[in-house]
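Below, read A as the first sequence line, B as the second, and so on, with proteins coming before strands; counting in each chain starts at 1.
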There are 2 protein chains.
Amino acid sequence: MGSLTKSFEDYLEAIYLLEQEKGAVRVKDVAKSLGVKLPSVTEAVRKMSKARLIEFERYGLIKLTGHGKIFAKEVYKKHKTLFNFLHKILGVNKSIALKDACEMEHGLSNITLNKLRQFMNKRR
Amino acid sequence: MGSLTKSFEDYLEAIYLLEQEKGAVRVKDVAKSLGVKLPSVTEAVRKMSKARLIEFERYGLIKLTGHGKIFAKEVYKKHKTLFNFLHKILGVNKSIALKDACEMEHGLSNITLNKLRQFMNKRR
DNA sequence: ATACAATGTTAGGTTACACTAACTAATATT
DNA sequence: AATATTAGTTAGTGTAACCTAACATTGTAT
């Protein structure tokens, strides 16, 4: 299983968060959340559906599969951990910490992630 | 000034390090260092030359311009700082720290970089 | 029930970046 | 000097993302 592209990771994370917030997720919501146009989402969603990361049918709602949710949570965990580190420990302001975390989360391995979590736990 | 693509950042960093190591840099060296094929380097190098980041002529040597060197150093600084943090502070092993740093360096803003440096200075 | 607004899709185009295969130039060996 | 090896280039492909413009569907309001 080749790992996910950055773009798929972003889509998964966005869908995951939208599911939490509002239950039902539409193409439009994802587009807004990621700052891309509708056709980009349509295409991504078709591919992710083929990859069994989400369930989706034309004009319908978007739902993570069990599989997809696992990945989404992983990505989000990386995001949260990085954000907290940047913001709460380094003191980087929220919006920059958010942006940097988004960019950096993709490269963060699970090994490093865990070390970072341990490190942060020790400090409080 | 749109900022550099990740790919350009990688090329700059590689060329910078190769210049240090061996003085003269060739297409082949860059290819080996980045793990890409020669034609990819030829193309990248042509574009970077057009963008005044390097000096290059067909079949010749590759040299960073003053401009290019500034960028290269910046990228490398991010890399080094991240690597040191991951390896020396978090205790991530070298090869993983190296790989993660490579991936994450691109997303690291200067603001966050500086906070990270301050943080690391305080700790010793 | 029709018609409109909002949402979604399709088709086709663009850019970035890598690749292979085939060719050319430069360098080294005999 | 002739040829073989190494290095570099060119041309053509492929894939991942994105986009715009045009069309289709759905749901809502009159």
Side-chain angles (χ1 to χ4, degrees), chain A residues 1-15 18-19 21-63 68 71-72 75 99 102-103 105-107, chain B residues 1-15 18-19 21-63 68 71-72 75 99 102-103 105-107:
Chain A
M1 282 294 99
S3 61
L4 301 167
T5 64
K6 293 180 208 307
S7 161
F8 272 21
E9 287 186 0
D10 287 335
Y11 279 101
L12 283 176
E13 189 178 5
I15 292 164
L18 288 164
E19 266 188 6
E21 272 175 46
K22 22 191 333 190
V25 181
R26 315 224 52 134
V27 167
K28 171 188 78 143
D29 303 319
V30 179
K32 190 175 170 194
S33 153
L34 291 178
V36 298
K37 302 297 183 183
L38 294 173
S40 306
V41 178
T42 299
E43 191 188 345
V45 136
R46 221 174 349 95
K47 286 200 248 169
M48 289 167 58
S49 175
K50 190 171 289 178
R52 305 277 168 202
L53 295 165
I54 60 172
E55 277 171 40
F56 176 70
E57 49 191 55
R58 291 177 36 159
Y59 299 102
L61 297 174
I62 298 166
K63 296 187 52 177
F71 281 118
V75 176
K99 230 176 44 143
C102 276
E103 292 287 325
E105 68 195 25
H106 302 294
Chain B
M1 283 295 97
S3 60
L4 302 166
T5 64
K6 291 180 208 310
S7 159
F8 272 22
E9 287 186 0
D10 286 337
Y11 278 100
L12 283 176
E13 189 177 3
I15 292 164
L18 287 164
E19 266 188 5
E21 273 176 43
K22 23 189 333 189
V25 181
R26 315 225 49 134
V27 166
K28 170 188 79 143
D29 304 319
V30 178
K32 189 176 172 197
S33 153
L34 291 178
V36 297
K37 302 296 185 184
L38 294 174
S40 307
V41 178
T42 298
E43 191 189 347
V45 137
R46 222 177 345 96
K47 285 201 250 167
M48 288 166 61
S49 174
K50 191 171 289 178
R52 304 279 167 200
L53 295 164
I54 59 172
E55 278 171 39
F56 176 69
E57 50 192 56
R58 293 176 35 159
Y59 297 101
L61 299 173
I62 299 167
K63 296 187 52 176
F71 282 118
V75 176
K99 228 178 43 143
C102 275
E103 290 289 323
E105 68 194 25
H106 303 294

N or O in side chain of B:Y11 less than 4.0 angstrom from C:dA18 OP1/OP2:
yes
Going from CG on B:L4 to CG on B:D10, what distance comes out if it is rounded to the nearest 0.5 angstrom?
10.5 Å
Name every residue in residues 25-38 of chain B that has at least one heavy atom under 4.0 Å from any atom of DNA chain D, in order of residue number, or write none if there are no such residues.
B:R26, B:V27, B:K28, B:L38
Kindly write out the residues that satisfy ring pair (Phe, Tyr, Trp, His ring centres under 6.0 Å) with A:F8, not counting sequence neighbours, or none if the list is empty.
none
State, yes or no, whether a side-chain contact exists between B:E19 and B:K63 at a heavy-atom distance under 4.5 Å.
yes
Got a list of side-chain donor-acceptor pairs under 3.5 Å for residues 35-44 of chain B, not counting sequence neighbours?
unit_1, atom_1, unit_2, atom_2, d
B:T42, OG1, B:L38, O, 3.3

At 4.0 Å (heavy atoms only), tell me whether B:T42 reaches a base, stays on the sugar-phosphate, or touches nothing.
base
Between the CZ atom in A:R26 and the CG atom in A:L61, the distance rounded to the nearest 0.5 Å is 5.0 Å
Using OP1 and OP2 only, check whether a side-chain N or O of A:R58 sits under 4.0 Å from C:dT10.
yes
Kindly write out the residues that satisfy ring pair (Phe, Tyr, Trp, His ring centres under 6.0 Å) with B:F71, not counting sequence neighbours, or none if the list is empty.
B:H67
Does some side-chain heavy atom of A:D29 sit less than 4.5 Å from a side-chain heavy atom of A:E21?
no
Would you mind reading off the distance between B:I62 atom CD1 and D:dA7 atom C1', rounded to a whole angstrom?
12 Å
Using atom CZ of A:F56 as one end and atom P of C:dG8 as the other, report the distance to the nearest whole Å.
8 Å
With a cut-off of less than 4.0 Å, is there a side-chain N or O of B:S40 near OP1 or OP2 of C:dC19?
yes
Take the protein atom NZ of B:K6 and the nucleotide atom P of D:dA17, then report the distance between them rounded to whole Å.
13 Å
Report the distance from atom CD1 of A:I54 to atom OH of A:Y11, rounding to the nearest 0.5 Å.
10.5 Å
For A:L61 and C:dT7, what is the distance between atoms CG and C1' respectively, to the nearest whole Å?
12 Å
Quickly work out the A:F8 CZ to D:dT15 P distance and round it to whole Å.
14 Å
Would you say B:I62 and B:V30 make side-chain contact, with heavy atoms under 4.5 Å?
yes
Hey, can you pull the residues of residues 44-53 of chain B with a non-hydrogen atom under 4.0 angstrom from DNA chain D?
none
Over 12 foreign heavy atoms within 6.0 Å of NZ, A:K6
yes
Rounded (10°) bend between the five-pair end axes of the helix from C:dA1-D:dT30 to C:dT30-D:dA1:
0°
Please report the interatomic distance CD(A:E13) to NE2(A:H106), rounded to the nearest 0.5 Å.
7.0 Å
B:E57 CD to C:dA25 P, straight-line distance once rounded to whole Å:
15 Å
